[in-house]
2 protein chains.
Amino acid sequence: MSTIQDVARHAAVSASTVSNVLNGRTEKMRQETLARVEEAIVALKYRPSTLARQLKTGQTPLLGLLVPSIANPMYGYIAREVETFAQEKYGHRVLIGNTYRDKEKEASFFEDLLAHGVRRVIVISSLADESHLTQAVQRGMIVVSYDRRATPGEHSKVNHIAPDNFEAARIATRHLIAHGHTHLAFATVAGMTVSRSDKIDGFYAAASEAGLREHARVIEGGPSNEYGDSVIGEAGHDLALQIVKDACRPTGIVAVNDLMALGLMSGLRETGLNVPSDISVVGMDGLFLSAISNPGLTTVQLPVTEMARAMVERAMTGPCPPDVDADDLVFNTTLLVERESVAAPPAQTASTHARKRKTST
Amino acid sequence: MSTIQDVARHAAVSASTVSNVLNGRTEKMRQETLARVEEAIVALKYRPSTLARQLKTGQTPLLGLLVPSIANPMYGYIAREVETFAQEKYGHRVLIGNTYRDKEKEASFFEDLLAHGVRRVIVISSLADESHLTQAVQRGMIVVSYDRRATPGEHSKVNHIAPDNFEAARIATRHLIAHGHTHLAFATVAGMTVSRSDKIDGFYAAASEAGLREHARVIEGGPSNEYGDSVIGEAGHDLALQIVKDACRPTGIVAVNDLMALGLMSGLRETGLNVPSDISVVGMDGLFLSAISNPGLTTVQLPVTEMARAMVERAMTGPCPPDVDADDLVFNTTLLVERESVAAPPAQTASTHARKRKTST
DNA sequence: GTGAAAGCGCTAACAA
DNA sequence: TTGTTAGCGCTTTCAC
């Protein structure tokens, strides 16, 4: 690897001059000198060390990205969009870390980022506690958090970007209701996060506005420390079992996300229930996998690309007036993609419910 | 961020002394001094800058990871294993890049790695041309390539780690044959890579040993520049169409990987064919998704964790005697996971074939 | 217009 | 046992 000195020598100029052309300060430079330097750069295949440069400037073209698990297709999807955009628009590379939703791992990642001179980071965490994030901000980082909101009333220096989870769940639920479902369930994993609770609120809101609040409930499955990939199968299995042995079981289920919906459909099938003829399910996310599942999964499409870009933008630009609060962007999620996992509730179940209602009268 | 100087001042010692305790050169040090330094480090929340350190040592605890698309669940899976292991065992973080199987993007990633002082990189590429890899090696990098083999007879400085693709495909094909299938197809995407051609060889080998070579063929779908995520749906659709309009269609299909199998099953369903009663399909990879597909996908499980670890090990240790050739590790893939996507061929189709045979007699 | 010099935060001889 | 010194590759005043 040749250095700036090598180039300087080759071009018979000083290192400063080379540095100047490197940084575009080329206005007041003699044409001939510039040419010589450029020629030397090419000849020696010289590439400046971002490393040494950073030691001086304090800036490194790196972006941190923290995900629970990159094996989760949703995070993989986001990560790809983030990396592609950060690279194309800002020439930044991305440093990635799996946290398994573990606070220690998150904190340790932040430490390392700092040590590497990385000052911009996007975190997908949903850990209840945000203190390590605000701490990072105090240490000079620009942090963008996905799928959380700032605690209302609290000033926050961390940027938040999220889909409109409330609306997404409401759309999904309304879709079920429009198909005639009256017994609804919201399927989620154990452990509450802001985004999950927003979705649950949206679910209940849709149920309430249709006068179905009493027939709507939340069911939980799976381990609480889940990070959303392989374990989703077990969670779906758990949930299917819960549903099957339910005396008055729901006919329409909205799943907290596509992976859960997929796991759920798989569990349902194992127990002999058919989707959509026995039970309808709708997901949220809009993973490409929902298009090739069987049956095709009806789902609420999240604007992943737009959110990813927005996160990168925020991470790159930072809060303009340094004393102003960070951003809180909520993205519309109005796009329901209809496929085959939703149908009218089965007649049989309807009669079961009718009977029940009669009994209770 | 406090520096080593701050710590030195606080502990009333020199920077070198602090550096010594930082690097464990603490044997010949007075207890009391050590204690003072450690106390100062804690007090100032001091974290050494890997950056400055690297400028000196030429080593940075970073590992490059190049994938076609991190949105592809298989690469997400590998990436997670790589990152986790690199972090836990070697304290290295990983710098990730999507290449979309584009040579320019790959080369540019290598440039940036070099500029960042990263000297170890794992690449999942399958691009025919490996020249940019050997070039990187010449520039002092340790590169580990996944799912390729060294060109036989050629000395190579790049390490290769791959599953036994030939064997994997053979196992998958034999499984179909054991279930009575006589008309076989291998479903892949357009564009040949070493791993794909190995799989095809294994497929034909199994067919031949059962005397079925003439009834075995390869079908291709999808765009040639595919990088294996969202587009897989279209590829599956293409393929299903091809299969359906086939006069003498196969009853058993082995797919080049799980995603292709999933897409294929989806396309098949659209055309009204049932898996497995009309057509059996088996995949390769062993993604967690294969467990929750419908029907559950029978697939050959690849030893992903082991391969990921081996790749990290190779990347970290490098070729011990610097004049010796790089490693070429092929991992056994003998584990067939049986689920529901394989059954005996349909009687109807068998009779069709019988008729055909009669006609040709 | 171009170069000399200082310094970013750290490490590693070598002195003391 | 600890401190002094030089220098990693680059940027950036400030002279010339």
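Quantities reported herein were computed from a predicted structural model and do not represent experimental measurements. As a basis for the values below, the full set of heavy atoms in this structure was taken, side chains included, without hydrogen atoms, waters or symmetry mates. Residue numbering restarts at 1 for every chain, and letters A, B, ... go by the order of the sequence lines.
Checking side-chain atoms of B/His92 against main-chain N and O of B/Tyr90 turns up a donor-acceptor pair under 3.5 Å. Checked by atom type and distance alone, the side chain of B/Thr134 pairs as donor or acceptor with a backbone atom of B/Ser131 at under 3.5 Å. Side-chain N or O atoms of A/His10 include none that pairs as donor or acceptor with a backbone N or O of A/Ala8 at under 3.5 Å.
In this structure, the side chains of B/Ile122 and B/Leu66 stay at 4.5 Å or more apart for every pair of heavy atoms. Residues B/Ile78 and B/Ile124 have side chains in contact (heavy-atom distance under 4.5 Å, counting atoms from C-beta outward). Considering only heavy atoms from C-beta on, B/Lys89 stays 4.5 Å or farther from B/Val312 through its side chain.
The structure places OG1 of A/Thr193 at 7.0 Å from CZ of A/Arg101, a figure rounded to the nearest 0.5 Å.
On the nucleic acid side, DNA chain D has its first and last nucleotide under 4.0 Å of a heavy atom of chain B at D/dT1 to D/dG9, going 5' to 3'. Heavy-atom contacts of chain A under 4.0 Å fall on DNA chain C between two terminal nucleotides, which in 5' to 3' order are C/dG1 to C/dG9.
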Using a 3.5 Å cut-off and no angle test, enumerate the donor-acceptor pairs between side-chain atoms of residues 139-147 of chain B and protein atoms at least two apart in sequence or in another chain.
residue: B/Arg139; atom: NH2; partner: B/Glu111; partner atom: OE2; Å: 2.7
residue: B/Asp147; atom: OD1; partner: B/Asn165; partner atom: ND2; Å: 2.9
residue: B/Asp147; atom: OD2; partner: B/Ser195; partner atom: OG; Å: 3.4

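Note on A/Val18: nothing from the nucleic acid sits closer than 4.0 angstrom, heavy atoms only. Nucleic acid contact for A/Thr3: sugar-phosphate only, since backbone atoms but no base atoms lie under 4.0 Å from a heavy atom of the residue. Nucleic acid contact class of B/Asn23 (heavy atoms, under 4.0 Å, all strands): sugar-phosphate only.
The neighbour count for A/Arg53 CZ, taken as heavy atoms of other residues, nucleotides or ligands under 6.0 Å away, is above 12.
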Could you go step by step and tell me if B/Glu106 and B/His132 meet the side-chain hydrogen bond (donor to acceptor under 3.5 Å, both in side chains) rule? CA-CA 8 Å; B/Glu106 289 199 13; B/His132 55 309; 2.6 Å; yes
Yes or no on side-chain hydrogen bond (donor to acceptor under 3.5 Å, both in side chains) for A/Thr3 and A/Tyr46, after CA distance, side-chain angles and deciding distance? CA-CA 7 Å; A/Thr3 78; A/Tyr46 170 70; over 6 Å; no
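In this structure, the helix from C/dG1-D/dC16 to C/dA16-D/dT1 shows an angle of 50° between the axis at its start and the axis at its end, each fitted on 5 base pairs and rounded to 10°.
Using a 4.0 Å cutoff on non-hydrogen atoms, the parts of residues 34-60 of chain B near DNA chain D are B/Leu55, B/Lys56, ordered by number.
Between B/Glu32 and B/Arg36 a salt bridge is recorded (basic side-chain N to carboxylate O distance below 4.0 Å).
Taking for each of A/Ile4 and B/Arg30 the nucleotide of DNA chain D with the nearest heavy atom, the 5'-most of the two is the partner of B/Arg30.
Partners of B/Thr33 by side-chain hydrogen bond (donor to acceptor under 3.5 Å, both in side chains), not counting sequence neighbours: none found.
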